[in-house]
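This report refers to the structure that appears directly beneath it.
Atom set for the values below is all heavy atoms of this structure, side chains included, hydrogens, waters and symmetry mates excluded. Given the structure is predicted, the values throughout are model-derived calculations rather than measurements.
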Amino acid sequence: MGPMPNPGEYKRYLLVASCMSIPPTLYFSRFGILGCLVIYLLSGFVVGSSFYLMSQITRRIRLRSFALQLILQSLSILTTLVVSTATVMVGSGAIIAGRSPFDPVLLAGMGRLLTPHQAAAGLAAGFTMSLAINFFFAIGRKLGPGVMWSWMTGKYYAPREEEMVVMFLDMKDSTTLAEGLGTIVFSQLVKDFFADLTGPLLKTGARVSHYIGDEAVITWSPSRGLKKGGCLNLVPEFRRVLESRSGHYQAAYGLVPEFKAGAHIGLVVATEVGEIKSEIVLHGDTLNTAARIQGLCGPEGEMFLVSGELAGRLPDSPVLVALGERQVKGREKGVDLYAVRT
């Protein structure tokens with residue numbers, strides 16, 4: 001490894017090692033290109049793994065207070081950044097010096113990189129920045145993917161016609177469940193039900209337009225909803241999630257919720273409405289047809305129905321079973337109906 005550098009050089013080595021955006025000549029001279037690549041990969045692995053573990057932990061912690069949740073997440077991000085950066089710096093310095101990362105001289109050199117005042121100012125600035133960024137993304141999650149950007153850019157300030165895949169999904173036998181469980185317990189069931197829908201929504205690239213009681217109105221752009229049958233995958237994904245959480249539902253409510261869904265594709269009009277409470281809403285026959293198709297799930301004895309227009313735009317799939325034409329309220333012409341059996 002060569003001669004050990006004197007203690008005064010540790011500061012320079014650590015600063016060079018922590019400057020990951022500039023290729024350190026010291027790394028190249030001592031370890032070559034392959035060695036530098038390994039060091040960078042290990043550093044990226046440490047930082048990336050730290051943030052992944054942090055996200056897996058914090059996403060399972062849900063507090064009643066939005067403000068406390070925001071502060072907790074921001075502190076978690078700051079702590080992860082400080083710990084992972086310090087680990088990379090000490091590890092890089094140890095590699096360069098050819099000494100243990102717990103060497104007291106090495107650790108003392110790292111401690112001299114920042115004065116207490118600089119460290120305090122850096123932590124305060126880091127927390128403030130983390131809080132601001134986390135607040136922006138938290139509001140974005142509350143509104144739904146892409147909604148904040150649409151508002152900021154005024155995309156739907158004036159009515160705008162777009163083609164969308166629209167799905168209506170609601171809990172089966174909700175009226176009976178509400179009567180049996182009581183209003184408060186049923187509301188908690190609906191909350192858990194839609195919380196468990198989050199993963200399938202994100203996995204299939206879907207957006208929630210709005211919730212109506214125990215019903216969700218879900219949309220996809222054609223590029224996302226039609227590609228590899230993306231809109232068809234939400235139902236089996238959601239069913240798997242509910243099955244995996246059956247123990248929780250049985251313990252809390254004495255049942256595992258079931259659902260039904262109907263989907264259609266066509267033109268919708270999207271626009272902002274309201275001044276006191278602004279919202280991006282969808283209008284058009286496509287929504288009415290999707291709602292009517294979902295309403296046929298009970299009479300047809302199916303969990304998931306789609307229109308012939310949507311089925312014709314999807315890749316050939318054995319899960320699509322033609323049921324023939326059905327009349328739906330509000331349309332003069334009937335709708336070709338397909339059951340989705342997965």
Side-chain angles (χ1 to χ4, degrees), residues 144 162-177 190 193-194 196-198 200-201 203-222 224-242 257-270 281-342:
E162 295 181 349
E163 186 180 42
M164 290 185 183
V165 178
V166 180
M167 174 187 289
F168 279 69
L169 182 150
D170 78 345
M171 193 183 298
K172 283 184 66 175
D173 303 322
S174 57
T175 302
T176 303
L177 292 177
V190 172
F193 180 77
F194 285 135
D196 287 336
L197 181 60
T198 304
L201 289 171
K203 191 169 184 178
T204 59
R207 296 181 179 182
V208 175
S209 171
H210 54 282
Y211 298 100
I212 310 169
D214 63 328
E215 182 175 67
V217 182
I218 301 166
T219 66
W220 289 264
S221 64
R224 288 181 178 271
L226 300 178
K227 185 178 180 181
K228 298 181 180 180
C231 62
L232 300 184
N233 296 330
L234 184 139
V235 167
E237 286 289 339
F238 189 29
R239 189 170 57 196
R240 280 192 286 270
V241 171
L242 293 177
E258 298 179 356
F259 62 93
K260 55 187 184 293
H264 182 49
I265 189 171
L267 294 175
V268 303
V269 177
V281 299
L282 305 178
H283 301 133
D285 180 65
T286 298
L287 277 85
N288 297 330
T289 302
R292 301 301 182 189
I293 290 173
Q294 189 244 46
L296 291 173
C297 287
E300 295 291 335
E302 301 288 349
M303 172 185 284
F304 186 15
L305 296 173
V306 301
S307 66
E309 290 95 326
L310 177 55
R313 301 274 297 275
L314 291 165
D316 291 336
S317 173
V319 304
L320 289 170
V321 179
L323 300 180
E325 186 177 286
R326 300 290 189 275
Q327 293 298 317
V328 297
K329 186 177 179 180
R331 285 184 57 143
E332 294 183 4
K333 294 180 61 177
V335 176
D336 286 331
L337 215 57
Y338 283 74
V340 184
R341 298 172 182 170
T342 56

[atom1]/[X] to [atom2]/[Y] distance, rounded to the nearest 0.5 angstrom?
X	Y	atom1	atom2	result
Ser307	Arg313	OG	CZ	10.0 Å
Asp196	Leu201	CG	CG	11.0 Å
Tyr338	Leu323	OH	CG	9.0 Å
Ser174	Phe193	OG	CZ	9.5 Å
Met164	Leu287	CE	CG	9.0 Å
His264	Asn288	NE2	CG	10.0 Å

Between [X] and [Y], which heavy-atom pair has the shortest distance, and what is it?
X	Y	result
Ala261	Cys297	O-SG, 3.3 Å
Met303	Arg239	SD-NH1, 3.8 Å
Phe168	Ala290	CD1-CB, 3.7 Å
Leu305	Ala339	CD2-CA, 3.8 Å
Leu310	Ala263	CD2-CB, 3.6 Å
Ala206	Ile218	CB-CG2, 3.6 Å

Thr286 side chain vs Leu267 backbone, donor-acceptor pair below 3.5 Å: yes
Short side-chain to backbone donor-acceptor contact, Trp220 and Thr204, under 3.5 Å: yes
Listed once per pair and sorted, the salt bridge (charged side-chain N to carboxylate O under 4.0 Å, His left out) pairs that draw on residues 302-312, sequence neighbours left out: Glu302-Arg341, Glu309-Arg331
Check whether any side-chain heavy atom of [X] lies under 4.5 Å from a side-chain heavy atom of [Y], and answer yes or no.
X	Y	value
Pro236	Val319	no
Leu177	Asp214	no
Val190	Tyr211	no
Phe259	Val235	yes
Asp170	Gln294	yes
Val166	Ser209	no
Ile265	Leu226	yes
Val306	Ile293	no

side-chain contact (heavy atoms from CB on, under 4.5 Å) evaluation trace for Val208 with Phe194: CA-CA 11 Å; Val208 175; Phe194 285 135; over 6 Å; no
Heavy-atom neighbours of Arg224 CZ exceed 12 at 6.0 Å: no
Candidate pair Thr219 and Val268, rule side-chain contact (heavy atoms from CB on, under 4.5 Å), full reasoning: CA-CA 11 Å; Thr219 66; Val268 303; over 6 Å; no
